[in-house]
Amino acid sequence: MVERFEKFSYAIFEISRCWHRIASEELAHYGLKGAYATYFTALYRYPQGITASKLGELCARDKADVSRALALLEQKGMLVREEKDGIRYRAKVCLTKQGRLLAEYIMKRIAVAMELGGAGLNEDQRLVLYACLDTIIANLHELSERGLPQADEGIN
């Protein structure tokens, strides 16, 4: 069981570490953190705009990180907030033309990384992999909410 945990943890950590390194190298040219790539992909999927709250939910980021990222991206001219009556609360954020061009570049680079990173896997293997990951995520979310059962409760 410990060996399985170590293999799983190491695999997830290495995937994340490599992804962040690649994203950081790609976005460094724009003075942006690699982690912002997820914001761009989410904003790209919502051309009509989304709220900061929804963006944080989609990108699995906390409110403070979203706020900092949006402020920087707005300052760099990558996005605009659609305020209502001068109120920024619950304002939708949208990519500017410059932001959309960068998002398109990011999407193309992600496609290359995904293709090369998944080399050697066929479509059936990918489907099984993602189904397994979805199951593990759901189980771990539930455990993180409920907590682990006590040792004497056993495992079903």
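The analysis underlying the following values was restricted to heavy atoms, covering all of them including side chains, and did not include hydrogens, waters or symmetry mates.
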Same cluster (ILVMFWY, side-chain, under 4.5 Å), [X] and [Y]:
X      : Y      : answer
Ile136 : Leu148 : yes
Leu70  : Val80  : no
Leu27  : Met114 : yes
Tyr30  : Val93  : yes
Ile22  : Tyr105 : no

Closest approach of [X] and [Y], non-hydrogen atoms and distance?
X      : Y      : result
Leu95  : Ala103 : CD1-CB, 3.7 Å
Tyr36  : Leu72  : CE2-CD2, 3.5 Å
Gly77  : Thr96  : O-OG1, 2.6 Å
Arg126 : Gly118 : NH2-O, 3.3 Å
Gln98  : Lys76  : OE1-O, 3.7 Å
Val66  : Gly56  : CG2-CA, 3.5 Å

Between [atom1] of [X] and [atom2] of [Y], what distance do you get to the nearest 0.5 Å?
X      : Y      : atom1 : atom2 : value
Cys94  : Met78  : SG    : CE    : 15.5 Å
Leu133 : Ile12  : CG    : CD1   : 6.0 Å
Leu140 : Thr135 : CG    : OG1   : 10.5 Å
Thr38  : Leu55  : OG1   : CG    : 7.5 Å
Asn139 : Asp134 : CG    : CG    : 11.0 Å
Thr51  : Tyr46  : OG1   : OH    : 10.0 Å

Is it true that atom CD of Glu3 has more than 12 heavy atoms of other residues, nucleotides or ligands lying nearer than 6.0 Å?
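Result for CD/Glu3: open.
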Glu14 atom CD: more than 12 heavy-atom contacts under 6.0 Å:
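Correct, the count exceeds 12.
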Would a 4.5 Å heavy-atom cut-off, applied to side chains only, mark Thr41 and Met107 as touching?
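When only atoms from C-beta onward are counted, Met107 and Thr41 do touch, with a gap below 4.5 Å.
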Let's go through Leu79 and Tyr39 carefully: what are the C-alpha distance in whole Å and the side-chain angles of both, what is the deciding distance for side-chain contact (heavy atoms from CB on, under 4.5 Å) to 0.1 Å, and is it a yes or a no?
CA-CA 11 Å; Leu79 64 83; Tyr39 293 129; over 6 Å; no
Do side-chain atoms of Ser67 reach the backbone of Ala64 as a donor and acceptor pair under 3.5 angstrom?
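No, the answer is negative, given that no donor and acceptor are paired below the 3.5 Å cut-off.
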